[in-house]
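Below is one structure; the comments refer to it alone.
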Amino acid sequence: MTIKTTSRRNALRTLAGAGAATLAAPHIATAAGEGTTWKIQTSHTGGIGLATFKDWCSSIEEKTGGELSFTAFGANDVVGDFQLYDAVKNGVLDAVNPFTIYAQGIIPAATFLTSYPLGLRNPHEWDVFFYSLGGLEIARELYAAQGMKFIGPVHHGPNIIHSKVPIRSIDDFAGLKMRMPGGMVAEVFSEIGAETTVLPGSEIFPALEKGTIDAADFVGPAVNYALGFSQVTKYISMGPPGFMSLYQPVDLMDITVGQAAWDALTPRMQQFVEMETHVYSDMHHAAIQQADQEAWAKFEADGTEINRLSQDDVELMTEVAVPIWFDYANRDKDAARVFKIQLDYMMSGSLGYVTAEQIEGLTLNL
């Protein structure tokens, strides 16, 4: 399956390159003053994530010969993270690159359009869900009802927890004041005793610095180091070896466009944007993973202690998570149908993450 995904991505890169050349050719001489410029804001506040986003945005004009260009904005440059969807719906922004989990406030099923505790665990599994099992079509249907076009997922990496106190077992979460992105993730941690609060990424550092929170989840080591987390925490907590994050093993972002901005593009340019989203996802994921390798040494030099939970902790958290999966799925018919696709996949011979015993007595309201 991974081989097929890699081949698909390579093919898309080739198509994107060929498409870019085709798109650019007729506009080199005539594009002046005729191009469309999109204002696009990311949830990235800095580091390699923001740099990669801006590099990608700056490449669009040349690839299209000026027919389309992106003006890139970092987190909070135009609106706050939690206002991104309103901004793209009312035309303040033409497109956004948010963490997909932020959409769950207006699209309950979005809880299952991004990583959730102990669910799908690798990037290629999410590619299979979106591009082979119908996930992309459902996402686009749900976003269209909100006046937006979901272009596609953008892979990030596992999330990790930074804390002022050591977290070496599941018991250490009891009473801990933690920043979480909300929704299912927050509920799982609340069930194991943490006191959770929802904050956008840009507010994590000051909250840790002031002691408003004891710990915070955010993305991976490279981005978090650039944000200065080693200055305000002493510990990092992760899952067992090979399981970097129990609760968001594959953090997902996406490219979402306002419907009016999308409809204004030609079909050919729409296809280009879809292909470029694949390209960006690959660039983004690879760049962050490379930077993560360099960041570990920096955390070590700063005296950060890295702790890993045990396989027993994984099993205990799974017992907590599975009923919460079903609870969230049953809150919304669309969430249930999205989750059913993923559950069947996780229970299949391809993955085997979930057993019949684990879901015994639990039902989905489809």
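Sequence positions, counted from 1, serve as the residue numbers for this chain.
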More than 12 heavy atoms from other groups under 6.0 Å of CD on E187: yes
Under the side-chain hydrogen bond (donor to acceptor under 3.5 Å, both in side chains) test, residues paired with R308 that sit two or more places apart: none
Heavy-atom side-chain contact between [X] and [Y] under 4.5 Å:
{"X": "I341", "Y": "I138", "value": "yes"}
{"X": "W325", "Y": "L118", "value": "yes"}
{"X": "F150", "Y": "L136", "value": "yes"}
{"X": "F339", "Y": "N330", "value": "no"}
{"X": "L227", "Y": "F205", "value": "no"}

Would you say the side chains of [X] and [Y] form a donor-acceptor pair under 3.5 Å?
{"X": "Y143", "Y": "Q259", "answer": "no"}
{"X": "S202", "Y": "N76", "answer": "yes"}
{"X": "D55", "Y": "S58", "answer": "no"}
{"X": "D302", "Y": "T304", "answer": "no"}
{"X": "D81", "Y": "S43", "answer": "yes"}
{"X": "H155", "Y": "D127", "answer": "yes"}
{"X": "D86", "Y": "Q83", "answer": "no"}

From [X] [atom1] over to [Y] [atom2], what is the distance, rounded to the nearest 0.5 angstrom?
{"X": "I161", "Y": "Q248", "atom1": "CD1", "atom2": "CD", "result": "10.0 Å"}
{"X": "D334", "Y": "I107", "atom1": "CG", "atom2": "CD1", "result": "9.5 Å"}
{"X": "E203", "Y": "L208", "atom1": "CD", "atom2": "CG", "result": "12.0 Å"}
{"X": "F112", "Y": "L120", "atom1": "CZ", "atom2": "CG", "result": "11.0 Å"}
{"X": "I167", "Y": "S237", "atom1": "CD1", "atom2": "OG", "result": "5.0 Å"}
{"X": "L309", "Y": "M238", "atom1": "CG", "atom2": "CE", "result": "9.5 Å"}

Note: [X]-[Y] ion pair, threshold 4.0 Å (strictly below):
{"X": "R337", "Y": "E137", "value": "no"}
{"X": "E276", "Y": "K63", "value": "yes"}
{"X": "E305", "Y": "R168", "value": "yes"}
{"X": "E209", "Y": "K164", "value": "no"}
{"X": "E195", "Y": "R179", "value": "no"}

Y353 six-ring face occupied by R121 cation (under 6.0 Å, within 45°): yes
Going by the angle between their ring planes, with limits at 30° and 60°, are [X] and [Y] parallel, tilted or perpendicular?
{"X": "F218", "Y": "F229", "value": "tilted"}
{"X": "W262", "Y": "W38", "value": "tilted"}
{"X": "W126", "Y": "F130", "value": "tilted"}

Ring-ring centroid check F129 Y345, cutoff 6.0 Å: no
Partner set under ring-ring contact (aromatic ring centres under 6.0 Å, His included) for Y225, not counting sequence neighbours: F299
Option among D254, T256, T114 that satisfies the side-chain hydrogen bond (donor to acceptor under 3.5 Å, both in side chains) test with T100: D254
Single-linkage hydrophobic cluster, 4.5 Å side-chain cutoff, V223 and I236 together: no
